[in-house]
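None of the values given here were measured: they were computed from a predicted structure. The chains referred to below are lettered A, B, ... by the order of the sequence lines, with proteins before strands, and numbering in each begins at 1.
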Protein chains: 2
Amino acid sequence: MVPDDDGAFAPTTEDAPSSSGFLDDGKNTIGSQLASRLREAIISGELQAGSKINLDKARKTFNVSLSPLREGLARLISDGLVEFEDNRGYRVSSISLANLEEITTLREEFEVFALRESMRLGDVEWEGNVMRALHRLNRTERDAARPETLERWEELHREFHLTLISGCGKPILLHFCRLLLNLNDRYRRVFLTRTSGDRNVSQEHSEIAQGAVARDLDYSCDMLRQHIHRTGTNLRTHLATKGIL
Amino acid sequence: MVPDDDGAFAPTTEDAPSSSGFLDDGKNTIGSQLASRLREAIISGELQAGSKINLDKARKTFNVSLSPLREGLARLISDGLVEFEDNRGYRVSSISLANLEEITTLREEFEVFALRESMRLGDVEWEGNVMRALHRLNRTERDAARPETLERWEELHREFHLTLISGCGKPILLHFCRLLLNLNDRYRRVFLTRTSGDRNVSQEHSEIAQGAVARDLDYSCDMLRQHIHRTGTNLRTHLATKGIL
DNA sequence: ACTATCCAAATAATCGATTATCTGTCAAGG
DNA sequence: CCTTGACAGATAATCGATTATTTGGATAGT
């Protein structure tokens, strides 16, 4: 489990992604739990993009009071998954081709930059974390028939990408990348139940990771950029197919 | 007045910075007003960096109830000015040399990228907005003796930088740049009551802006990068002088 | 028919009180 | 002397009720 973002940019404390995923994992307050549930509901598409969130209904659906509900929604605003307007309430952020294109472009720029910095600054522990994340990801099958495997894969995939750039020593940059990854995952979860056949994604991840620990800056960065770009193109096609502009 | 961020990334609607600054300007709910007041209190240094925010005291100080207080604080979390932990409450984000360095680095990367995109994509209206923002900024004096002129200048300065990159057509990128600018301004407000004598900042702004509307990509981007870099170096010196690591 | 105005239902925002959690202190036991 | 546990005060989280705002529809005037 990738630990939730600290809310702010965690300028001081910054660890490598969870070493083993403790069970307790924070999640103390109702607000926190709600944020997780809502996030999952949005990323999985259960809550339709662009739809309004009625506080009263949500309150009943989740069986909570207004305060924690607002608390939870506030966090999703930070994540860019929810929008808010005074006296008009909350709504799920819309998706669009333009939005997806921007996310892809920014991921290319930021993640590649962060990867380069990680290769420049990362220590041996970072290398180890990368190899572990890669291994765990590649050992996990994605079976469209079983949704829980999809979720698991998404989780490990996000963790892999975050670990890759976790050595950059730049908390704010990591925060931005995490946001973009979240936004991107929503598109994948909604539109891609299986990997398209013409790509060997595992292979791509391996190449990036091995280049990274070998400190082959240009190679690894280039691979990552192409990887992100291809994913974007792929998603865009699906999006267009399903008739969203 | 630079319009407040829309809370989310405003993926659909995105205008050029306020054309003339209407007075009403939203700010409907207590939560919104509070967010503004708190933001100003933090950026101006009135609320000390790193300090804990006691909800009860804050409630009394600002004469509001908990709900809007939390609402306001939640927005500052999105801005990266406040941090939060379950059951531990809120605290003002700390400042540090490392944090300032990261902000500077990221501004160089992101703003320069956004400027390049703006020059590539911006229309005539964008050009006009840039020239207007430049003019207004250069016509405003900064007088250390009168704090209100400092605030005014900061506002126009922020608006200039945002306008410069407003043509890039990338709402999320703009959102990130706005955050970084906010974070950066806090350092300036706290540590720099006047421009250091060895720089002609107006001149720098003019060069960037004129290069931009002339679509001289490399020149303008280079000038902007240097401008940001110099500001960072400058602030770092002041920070070090005042004994903060 | 078309627009403007007013009302009522729906919805969001706020409040004050209550409950849950944490933090520091002090005493008992090792 | 150090550790552990229990208590009390401080602080945060949550709730239910109240107040303010918006929205959609009905009505009156042009």
Task: Spacing between Leu73(B) atom CG and dA12(D) atom P, to the nearest angstrom - done: 10 Å
Task: Euclidean distance, atom CG of residue Leu66(A) to atom P of dT11(C) [Å, nearest integer] - done: 13 Å
Task: Crowding at CD, Glu151(A) (>12 non-hydrogen neighbours, <6.0 Å) - done: yes
TODO: Map Gly89(B) and Pro68(A) onto DNA chain D by nearest heavy atom, then report which one ends up closer to the 5' terminus.
DONE: Gly89(B)
- [ ] Using atom types as modelled and distance alone, determine if a side-chain donor or acceptor of Arg91(A) lies under 3.5 Å from a backbone N or O of Gly50(A).
- [x] yes
TODO: Please state how far atom CZ in Phe84(A) lies from atom P in dT11(C), giving the value in whole angstrom units.
DONE: 16 Å
- [ ] Grab the CG-P distance between Leu69(B) and dT14(D) for me, whole Å please.
- [x] 15 Å
TODO: Send over the distance from Glu71(A) CD to dA12(D) P, rounded to a whole Å.
DONE: 12 Å
TODO: Please identify each residue that fulfils ring pair (Phe, Tyr, Trp, His ring centres under 6.0 Å) with Phe62(B), with sequence neighbours left out.
DONE: none
TODO: For Gln33(A) and dT14(D), give me the distance from atom CD to atom C1', rounded to whole Å.
DONE: 13 Å
- [ ] Under the salt bridge (charged side-chain N to carboxylate O under 4.0 Å, His left out) rule, collect the residues that match up with Glu46(A), sequence neighbours excluded.
- [x] none
Identify all pairs in which a protein N or O lies below 3.5 Å from an N or O of nucleotides 21-23 of chain D, and state each distance.
| from | atom 1 | to | atom 2 | distance (Å) |
| --- | --- | --- | --- | --- |
| dT21(D) | O3' | Asn87(A) | ND2 | 3.3 |
| dT23(D) | OP1 | Arg88(A) | NE | 2.7 |

TODO: Could you tell me whether the side chain of Thr61(A) and the main chain of Lys57(A) form a donor-acceptor pair under 3.5 Å?
DONE: yes
TODO: Under the salt bridge (charged side-chain N to carboxylate O under 4.0 Å, His left out) rule, collect the residues that match up with Glu108(B), sequence neighbours excluded.
DONE: Arg225(B)
TODO: Quickly work out the Arg91(B) CZ to dC22(C) P distance and round it to whole Å.
DONE: 16 Å
Task: salt bridge (charged side-chain N to carboxylate O under 4.0 Å, His left out) partners for Arg59(B), two or more places apart - done: Asp56(B)
- [ ] Could you list by number each residue of residues 50-63 of chain B showing a heavy-atom separation from DNA chain D of less than 4.0 Å, or answer none if no residue does?
- [x] Lys52(B), Ile53(B), Asn54(B), Leu55(B)
Open item on the list: Closer than 3.5 angstrom, by distance alone: can the side chain of Trp126(B) be matched with the main-chain N or O of Thr163(B) as a donor-acceptor pair?
Closed with: yes
Open item on the list: Test your reading of the model: is there a side-chain donor-acceptor pair from Glu102(B) to the backbone of Ile172(A), 3.5 Å cut-off?
Closed with: yes
